[in-house]
There are 4 protein chains.
Amino acid sequence: MNKRPRPAHAGERPSPPEALLEAAFRVFATRGYRATRLEEVAEEAGVTKGAIYYHFEGKEDLLRQALKHRHRAIFGEIERELAQQRAPASTKIRLVLRRLWQHVLNPTWGHTFRLMFGEAGVEFPALFRMWAEEGPIQGWSVVRRLIEEGVRNGEFQPGVDPEVAGRLAVSGLMLQGALQVHSGLQDLAPCDLDRIFDSGVDLFVHGLTVTHNQPRMPTP
Amino acid sequence: MNKRPRPAHAGERPSPPEALLEAAFRVFATRGYRATRLEEVAEEAGVTKGAIYYHFEGKEDLLRQALKHRHRAIFGEIERELAQQRAPASTKIRLVLRRLWQHVLNPTWGHTFRLMFGEAGVEFPALFRMWAEEGPIQGWSVVRRLIEEGVRNGEFQPGVDPEVAGRLAVSGLMLQGALQVHSGLQDLAPCDLDRIFDSGVDLFVHGLTVTHNQPRMPTP
Amino acid sequence: MNKRPRPAHAGERPSPPEALLEAAFRVFATRGYRATRLEEVAEEAGVTKGAIYYHFEGKEDLLRQALKHRHRAIFGEIERELAQQRAPASTKIRLVLRRLWQHVLNPTWGHTFRLMFGEAGVEFPALFRMWAEEGPIQGWSVVRRLIEEGVRNGEFQPGVDPEVAGRLAVSGLMLQGALQVHSGLQDLAPCDLDRIFDSGVDLFVHGLTVTHNQPRMPTP
Amino acid sequence: MNKRPRPAHAGERPSPPEALLEAAFRVFATRGYRATRLEEVAEEAGVTKGAIYYHFEGKEDLLRQALKHRHRAIFGEIERELAQQRAPASTKIRLVLRRLWQHVLNPTWGHTFRLMFGEAGVEFPALFRMWAEEGPIQGWSVVRRLIEEGVRNGEFQPGVDPEVAGRLAVSGLMLQGALQVHSGLQDLAPCDLDRIFDSGVDLFVHGLTVTHNQPRMPTP
DNA sequence: TATGAATGAGTATTCATTCAT
DNA sequence: CATGAATGAATACTCATTCAT
């Protein structure tokens, strides 16, 4: 909480041991920020509490670094993949959403989701914004652009709202992942995960697709 | 040393002061479970710490009761409203989703969402399940039933998956609410709330609706 | 701890309910002074905490009164009994010690013993002295007088130390009672209680009795 | 909420600072268990409260360890001393009882006695049993064996009950110690401590000793 | 008389943080 | 680099005591 002056050796401090960062992420994400005792992080990493203070400034700093360390924005990769595709927008959208869904199913994502909506989000808003930008927002932006493309080439209805459509598709899948997979709702309200994805995307794409019962006029 | 036996008045304990429950909910939801000091709850309710221990067993019990107290499930009311409606399924769905969206927009819901995905979910899984059952699960169950109704009367496509459709519609709106309204994303990625709802529901209903299979025009 | 001024109605306060005093004694003696919660005393007596404060000044006062209430000095009775006896001193001693042993075997005595040697003795020395005077000291005084009588009439050796003999006989039985009966040592180091008394008194009386191997000269 | 798992160093935890154990014993014995504030123990040992929790599990653990630490049973030493003696049983008994009396006179013993009959006895029965076994029970066992020896070699009467005799001799001295020395009875009913011991042991040994059955003279 | 509700001072316990070695 | 020992501020919880009714 209170910033103590950086220790004398701060400058030449070498890259902090990955083990510590990974242990920290695991424990923070499992227990929550407050409930995490540094002792447990240290134990998990096979060192002692003191070692944490050699590498990091304190608990808060540890969380920050641990989260940064986990941040490999998947979307860079996705965009690259998309650029090479020559396919209808709906196909590309399916591709993007599938990647996203795979990502969401990953325990790491579940942990981060909990962490972000738990205390960390409130106590460190900057962290939350960082995550939101690189995660959900980026996710629905990609989808939005693909929808716009689909509208432009007549594949999708001109009336659709690409922004909102992207948001809801991505949000829907994300929250379903968080609930079913990472919050143990699978046994309270079971539902096959593939079915969620497949039926969900079908519905979404169908919702976007041109279906007017008067023949749509080609754009002049 | 050993937990003292429940105080004499345990059985016939009268309804504990609502003020305390409401203050507790407010503070827990704002600060998170761990970060909440009982003293603050007491202050907020205009009593002292001791009073809390007169009415509740401890911090955990207080949280539990506070959440239960908030649980006047909105769905009972919604179902009643629906029963009186004589309208197409799509209209009813719009109605339900609107109610849900209004609920989601409420700060209370945002707080609960955070609490549930934060510490409470990990430390008190039973609470999480209770919330999930009375909240999200019930939400998408209602929608699922309406979709099934729509499918039966030919309003919706026979191919739709009512379960998944319900889940995604409800989840999408919920997470959008959590992000835009309760996590400050409105200024990072602004979007009009009415637009999210309206465009979103249009898209959703359109996705469900029977396609009068006109040949789709090839892109020119 | 801090003496608040006696409440206004102190003067006409009627005799406090026996139930309260008895419950108090039971709980204090079982749990110890500190560990006793007034709530438990109240419960045990079938009233509520507040009632205690109507009748007593506080926890300390309650203890004091509870102990006073239990105080039936048994020795007055014993002395009366003795006065009517025309028997050798050794017989009278046996009688006295038997009464004492019976008293010691009583749970009430065990409780008081614990209470006195526990915290109460340290925190309220006056109480301890009162108990000691009416209990152990009076006990060994009676025995001492009987020994002196026995020495005077040649039944016991002139060399015995009546004071010390009385003290040790009484103390020995008391501590054996406290340990075997009231501290659960009976199953750790079992010993028949009658045997302790009978063998013990035999040994004691034999120790007092004239056994010189030169014939003792009658006092001139 | 839940007791945290024993800290990482639990297994190889080195001998906890003696200073802490000794301070703890002092304060516990003086004030009683409940009335002892850990802060006072810490102060007495020249550390802070936190240090206690580094070395011990809590208040109860501290008491347990402190008592164990005090338990360098004196009887081992006594037995060794006895083994080297070639003397009549009565002499050996005097020796043992003198050691015991010296021990009983020690303030430490008085404190422990109070502690044992006070809260510790009720709240931690196991501790009480440990103390009883290594203290009183062991004490009277040693004496019992010496009496048996004396009986075997004709020094003591064949009719004596060594078990009971041992119990009463030891108990008598112990309680006299507790009362006179450690409970301030010396000024209420003064008695020279040496006299208690000397007259007491004389009486005891005389009680055990073979009577050269001269006819006892009738009182004149 | 007695009670239910509340108070508040006291205390055990936790844990991030420091630091000599 | 890392550790073991210690600190001390923060905080949940207990319970004697008060008092309006």
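Letters A, B, ... are given to chains in the order of the sequence lines, protein chains preceding strands, and every chain is numbered from 1. Here the structure is a predicted model, which means the values were calculated and not measured.
Rounded to whole angstrom, the span from the CZ atom of A:Arg31 across to the P atom of E:dC15 amounts to 11 Å. Rounded to an integer number of Å, the gap from CD of C:Glu57 to C1' of F:dT17 is 13 Å. A:Arg34 has its CZ atom 14 Å from the C1' atom of F:dA12, to the nearest Å. A straight line from NZ of D:Lys59 to C1' of F:dA12 spans 16 Å, rounded to a whole angstrom. For B:Leu62 and F:dT11, the CG to C1' distance is 15 Å, given to the nearest whole Å. F:dC13 atom C1' lies 14 Å from atom CG of B:Asp61, rounded to whole Å.
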Practice prompt. Give the dot-bracket string for DNA chain F, reading 5' to 3', where a pair is Watson-Crick or G-U wobble with both distances under 3.5 Å, ( ) marks pairs inside the strand, [ ] marks pairs crossing earlier ones, | marks a partner on another strand, and . marks unpaired.
Written response: .||||||||||||||||||||
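In terms of modelled atom types and a separation under 3.5 Å, the side chain of A:Arg114 and the main chain of A:His182 share a donor-acceptor contact.
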Worksheet item: What's the verdict on side chain to side chain contact (heavy atoms under 4.5 Å, CB included) for A:Phe56 and A:Leu63, showing C-alpha distance, side-chain angles and the deciding distance?
Response: CA-CA 10 Å; A:Phe56 304 94; A:Leu63 171 65; over 6 Å; no
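A side chain to side chain donor-acceptor pair (under 3.5 Å) with D:Asp61 is found for exactly one of D:Gln65, D:Arg64, D:Lys59, namely D:Gln65. Tested against D:Arg34 for a salt bridge (charged side-chain N to carboxylate O under 4.0 Å, His left out), the candidates D:Glu119, D:Glu60, D:Glu123 yield a single pass: D:Glu123.
Side-chain contact check for C:Arg70 and C:Thr108: at least one donor-acceptor pair (N or O, by modelled atom type) lies under 3.5 Å.
A:Arg26 has no carboxylate O lying under 4.0 Å from a charged side-chain N of A:Glu22, or vice versa, which leaves the two without a salt bridge.
In this structure, the nucleotide among E:dA5, F:dT14, E:dC15 sitting nearest to the side chain of B:Tyr53 is F:dT14.
When all heavy atoms are compared, the tightest approach of C:Ala42 to C:Lys49 is CB-N, 3.6 Å. The two residues A:Ala45 and A:Ala19 come nearest to each other via the heavy atoms CB-O, 4.0 Å.
For A:Phe124 and A:Phe128, the ring centers sit 6.0 Å or farther from each other.
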Using the 3.5 Å cut-off, write out each protein N or O paired with an N or O of nucleotides 7-10 of chain F and the distance between them.
{"unit_1": "F:dT7", "atom_1": "OP2", "unit_2": "D:Thr48", "atom_2": "N", "d": "2.8"}
{"unit_1": "F:dT7", "atom_1": "OP2", "unit_2": "D:Thr48", "atom_2": "OG1", "d": "2.5"}
{"unit_1": "F:dT7", "atom_1": "O5'", "unit_2": "D:Thr48", "atom_2": "OG1", "d": "3.0"}

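Side-chain N/O atoms of B:His55 include none lying less than 4.0 angstrom from OP1 or OP2 on E:dG4.
If you find the closest nucleotide of DNA chain E to A:Leu38 and to D:Glu39, the one lying nearer the 5' end belongs to D:Glu39.
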